[in-house]
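For ligands, and for the atoms within them, numbers begin at 1 and follow the listed sequence. What you see is a predicted model; the values in this text were computed from it and never measured.
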Amino acid sequence: MTYFSQRTCWPEAEPDRSAECPFDLTETNPTRVGLVEPERIAALIQGVVAYDPSSFGAPSARLAVSDYYRRRGHALDAERVVLSASTSEAYSWLFKLLADPGDVLMVPEPSYPLFDCLAKLEGVRLAPYALRKEDHFRLDVTELFRRVADEPAVRGIIVVAPNNPTGTVLHEEDAALLEQGARERGLPLIVDEVFADYLDVPAAMRSRLRSSFASSNTALTFVMSGLSKVACCPGAKLAWTIVNGPAPWRTVALERLSVVADTFLSVGSAVQAALPQLLAQSDAVHVELNARLAVNRASLNRACEQTQGAVRVLPSHGGWSAILELPRIVTEAEWQARFSAEGVKVSSGALFDIPGGRSLVLSLIVEPTLFREAMQRMVAAILPLLT
Ligand SMILES: Cc1ncc(COP(=O)(O)O)c(C=O)c1O
């Protein structure tokens with residue numbers, strides 16, 4: 001006998017043996033890494049504002065989101081903006097909108113580890129499509145649609161760009177093929193762009209990449225982002241989904257989604273009232289954090305050079321993480337344990353389903369002095385094993 005649902009029957013969590021490490025490169029909470037601008041911006045959220053519920057959020061807040069995209073070159077009608085408390089909540093709403101229990105959503109692999117939980121809680125299944133390390137984690141559209149053809153109950157394709165943790169963004173020609181294929185098959189795209197303000201690509205390459213799907217209407221497309229990354233304010237609890245696509249489907253999607261959103265009405269009034277200012281000022285957050293990401297990437301590259309090519313950073317287009325590939329001398333878990341013994345905590349590649357058993361994932365948002373010291377400690381742990 002059990003009181004509990006199958007969907008909350010989780011595998012037992014592994015004990016965390018490296019909890020005491022002073023150099024924590026698994027830290028991805030932007031409120032714990034000493035960034036100045038997000039703190040100033042968060043202070044704009046004040047008081048409890050009069051409650052005037054509206055299923056997709058306050059018109060002024062939705063307009064602020066469309067302005068944010070307009071400043072990035074995407075003309076966007078505020079009527080297509082749906083506010084939620086978080087991107088995670090937006091995923092759960094979209095899974096309810098698109099899939100019945102047992103249906104399937106395609107997810108990239110490697111990617112964001114929370115997908116398993118989100119899907120299980122909604123009673124849907126996930127089918128992975130591989131982003132191959134040998135191809136720099138580039139999307140193979142032909143392979144993706146081959147996988148789709150193998151799955152009879154597919155209800156949507158999830159794309160994360162920049163992906164977490166690979167940092168990859170779709171090449172323009174792959175994005176166009178994906179949209180066309182999705183449209184022909186009647187499949188919606190769910191595009192998670194929470195890291196879109198943290199691209200790290202030379203200007204000449206930008207036009208060859210699809211930096212956002214915010215104005216793409218070929219297929220039914222849901223584009224998601226939110227304050228947890230855009231303003232580094234996860235505690236603000238506000239995210240958004242843009243509903244794009246051919247008119248009849250887009251209209252029905254909005255109608256149906258309005259009932260889901262109206263059932264929860266989960267976004268606080270105070271953050272909605274502050275949203276125009278929060279977004280207008282978030283550029284300062286991007287400047288501060290992008291500068292820090294660049295400094296930490298440089299420290300990481302210097303550390304890899306010290307290993308004479310034994311350790312390398314995998315190429316990326318941006319995001320908040322870096323993937324390190326280590327020699328096979330010891331296992332991934334053993335590398336983690338050795339770094340932990342030096343006071344440095346890192347995530348395993350396995351956590352993100354990176355194949356090969358020789359990758360570690362490092363958060364690049366941590367304070368640069370701490371990051372540099374962590375690199376020195378890692379190099380000191382690696383060098384004796386190379387001789
Ligand atoms: C790819 C991706 N999407 C969404 C989220 C979560 O965003 P939110 O705080 O809005 O739920 C994360 C968090 O790290 C993420 O990596």
Side-chain angles (χ1 to χ4, degrees), residues 24-33 35 38 41-42 45 57 61 65 68 81-95 105-119 121-122 126 128 131 137 139 156-170 189-199 211-213 222-242 261 264 266-268 271-272 275 278-279 282 285 289 293 316-323 347 349 351-354 361-366:
D24 186 355
L25 303 189
T26 67
E27 183 58 83
T28 53
N29 178 343
T31 68
R32 293 205 201 118
V33 293
L35 288 165
I41 290 185
I45 308 167
V65 174
Y68 163 89
V81 176
V82 177
L83 302 187
S84 58
S86 64
T87 320
S88 300
E89 185 180 58
Y91 274 115
S92 86
W93 290 1
L94 292 179
F95 292 176
L105 290 138
M106 305 300 299
V107 280
E109 187 177 279
S111 194
Y112 183 38
L114 203 65
F115 286 138
D116 287 333
C117 247
L118 291 168
L121 286 172
E122 294 306 319
L126 299 176
L131 304 176
F137 300 111
L139 172 66
I157 299 169
I158 297 175
V159 173
V160 185
N163 189 24
N164 176 10
T166 64
T168 36
V169 173
L170 268 57
L189 299 175
I190 298 174
V191 189
D192 179 334
E193 297 183 352
V194 294
F195 293 109
D197 289 312
Y198 306 98
L199 278 184
S211 57
S212 177
F213 282 69
F222 302 90
V223 179
M224 298 192 298
S225 190
L227 292 184
S228 69
K229 305 294 182 289
V230 168
C232 290
C233 294
K237 291 285 139 207
L238 189 146
W240 57 82
T241 303
I242 300 156
F264 293 96
S266 51
V267 195
V271 67
Q272 292 191 61
L275 193 62
L278 293 169
L279 287 177
S282 66
V285 177
L289 184 49
L293 292 166
S316 152
H317 300 130
W320 288 9
S321 303
I323 303 177
S347 300
L351 177 67
F352 300 86
D353 294 317
I354 302 172
V361 176
L362 278 48
S363 168
L364 294 170
I365 69 166
V366 300

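- Separation of atoms CZ (F95) and CD1 (I190) is listed at 5.5 Å; rounding is to 0.5 Å.
- Taking every heavy atom of both residues into account, P165 and F352 meet most closely at CD-CD2, 3.5 Å.
- Ring pair Y198/F195: centre-to-centre distance not below 6.0 Å.
- Residues meeting the side chain to side chain donor-acceptor pair (under 3.5 Å) test with E89, sequence neighbours left out: S266.
- Within the 3.5 Å criterion, the main-chain N or O of V267 finds a donor-acceptor partner in the side chain of Q272.
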N/O contact list for ligand 1, threshold under 3.5 Å:
from: ligand 1; atom 1: 3 (N); to: D192; atom 2: OD2; distance (Å): 2.6
from: ligand 1; atom 1: 7 (O); to: T87; atom 2: OG1; distance (Å): 3.4
from: ligand 1; atom 1: 9 (O); to: S228; atom 2: OG; distance (Å): 3.0
from: ligand 1; atom 1: 10 (O); to: T87; atom 2: N; distance (Å): 2.8
from: ligand 1; atom 1: 10 (O); to: T87; atom 2: OG1; distance (Å): 2.6
from: ligand 1; atom 1: 10 (O); to: S228; atom 2: OG; distance (Å): 3.3
from: ligand 1; atom 1: 11 (O); to: T87; atom 2: N; distance (Å): 3.3
from: ligand 1; atom 1: 11 (O); to: S88; atom 2: N; distance (Å): 3.1
from: ligand 1; atom 1: 11 (O); to: S88; atom 2: OG; distance (Å): 3.0
from: ligand 1; atom 1: 14 (O); to: K229; atom 2: NZ; distance (Å): 3.2
from: ligand 1; atom 1: 16 (O); to: N164; atom 2: ND2; distance (Å): 2.8

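- Between F115 and Y112, the ring-plane angle classifies as perpendicular under the 30° and 60° cut-offs.
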